[in-house]
**Student:** 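Supplied in structure tokens, the structure appears directly below.
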Number of protein chains: 2
Amino acid sequence: MSRWKPDGRGRLEKAALELYNHKGFEATTVAEIAGRAGLTERTFYRHFADKRAVLFPSDNPLPAILADATASAPVPLPPLEVVTHALIEAAPVYEEREDLVRQRQAVIAANPELQERELAKLAALAATLTQALRERGLDTTTAALAAEIGIAAFKVAYERWINDPDEHTLAQHIRETLDTAKHLTTPAEHAAATDNVSFTGQQGTA
Amino acid sequence: MSRWKPDGRGRLEKAALELYNHKGFEATTVAEIAGRAGLTERTFYRHFADKRAVLFPSDNPLPAILADATASAPVPLPPLEVVTHALIEAAPVYEEREDLVRQRQAVIAANPELQERELAKLAALAATLTQALRERGLDTTTAALAAEIGIAAFKVAYERWINDPDEHTLAQHIRETLDTAKHLTTPAEHAAATDNVSFTGQQGTA
DNA sequence: GTCCTGATGTCAGTTCGTGACATCACTGTA
DNA sequence: TACAGTGATGTCACGAACTGACATCAGGAC
């Protein structure tokens, strides 16, 4: 028989997610994770760069999907439509793993360190999109702007998807959010649509 | 005479920036910073939450400026114009400290950990903007979207300002970038403006 | 069979970050 | 003038995050 139980990496991922959920990210030590997976701390660091990386898989398919979708979009499409197309192509990656994504998101939402890492990952996706748009012939600024705005809209759409359970698909939220974005420069009835203004008194100057 | 030299915090900030510049962020230990400032490591942590915080001042005036400018903008303005107005109001904070800002940015650009923190700070600004927009009567989604798009555009404008020395002011870059954003959904001559397409072959799948 | 490879273990060390307690110039007050 | 209180700092001890160097040893290649 084999010298070790198979898929050490998978066991570490599973153990980490369980512990992060059960007792919180900060309160969980790497030694605990490794122990639960039947491995040592040192081995954890052979699979993951740090304690946070275990939640951010390195075999992430999103960059490739975004790059391919951007490259293959019809040529006459305006930049933000290309980005919208690419993001909708990527949506199934989330939708197909909904349970895991939600569990993961709950852990991230509870910890600022993990939120930082999440933002970094999104920024990396924006960089991927930027490069792919440049390869379509866009100048650097336009490419970067379309990419960053696309990711900005994705953030909002993703949060809505997470918070409005099975109301819509993520792809639908992305489509709707980017449609909303188009009207942000017209002086329509944006103001005081309803009176549900929250007078909390705090300014959120964190 | 006083028991200690005055402005320990300031000395720590100065020492940290010098060392981060000179030998890099990672290679600099907190003990070194404290030593150079004539203090101890423990005292460093009384002034700053961690090694990175020394580059991100806690008395940051930006949230208040953005919140105030958002609250005081003319009512009939479309959401993205309100955000543009607020960002331009905030620009002098950077422009007035240009030397320090550039030095700080060089350090951040050289280190992923610091880039993460920078992204987190920008996300906090987006949250501040979102709240201020909601208090103007915008619904949550529109507010969040306008705020995130504004910050996305700010990122691009800021990077252009940093890289194009004294070409334009930051405020001008912000204005131009957000003007560009308005045309991102129209199928104009975005494609192949010139032939400076870079065929690097790599997909940037980091 | 022997050699090599690769995933893991062991161990020692550095650095980050924190809690607990000590010090002592300065400040106010009787 | 004495004396208590305050606050910025120092000292010490410690847990936990990472890392480099070397050891182990099943299984596959030849």
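Chain letters run A, B, ... following the sequence lines, proteins first and then strands; every chain starts at 1.
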**Student:** Please state whether the phosphate of dT9(D), meaning OP1 or OP2, lies under 4.0 angstrom from any side-chain nitrogen or oxygen of H47(B).
**Tutor:** yes

**Student:** Rounded to the Å, how far apart are R3(A) CZ and dA23(D) P?
**Tutor:** 15 Å

**Student:** Could you run through nucleotides 9-17 of chain C and give me one letter per nucleotide, 5' to 3': B if any protein heavy atom sits under 4.0 Å from the base, S if only the sugar-phosphate is that close, - if neither?
**Tutor:** BBB---SSB

**Student:** Would you kindly give the NZ-to-P distance between K5(A) and dA26(D), to the nearest whole Å?
**Tutor:** 18 Å

**Student:** If the plane angle is over 60° it's perpendicular, under 30° parallel, otherwise tilted; pick one for Y158(B) and W161(B).
**Tutor:** tilted

**Student:** So which pairs with a foot in residues 8-17 of chain B pass side chain to side chain donor-acceptor pair (under 3.5 Å), sequence neighbours left out?
**Tutor:** R9(B)-S58(B), K14(B)-E18(B)

**Student:** Quick check against the 3.5 Å criterion: does R134(A) have a side-chain atom that pairs as donor or acceptor with the backbone of A143(A)?
**Tutor:** no

**Student:** Pick one: which of V156(B), L178(B), D164(B), I162(B) meets side-chain contact (heavy atoms from CB on, under 4.5 Å) with H173(B)?
**Tutor:** D164(B)

**Student:** If I take atom CD in residue E113(A) and atom P in nucleotide dA16(D), what distance separates them, rounded to the nearest angstrom?
**Tutor:** 15 Å

**Student:** Please report the distance, rounded to the nearest Å, between CG in N111(A) and P in dA17(D).
**Tutor:** 12 Å

**Student:** With under 30° as parallel and over 60° as perpendicular, where do the rings of F154(A) and Y94(A) fit, or are they tilted in between?
**Tutor:** tilted

**Student:** Report yes or no: is the cationic atom of R104(A) (NZ for Lys, CZ for Arg) closer than 6.0 Å to the six-membered ring centre of F56(A), at no more than 45° off its axis?
**Tutor:** yes

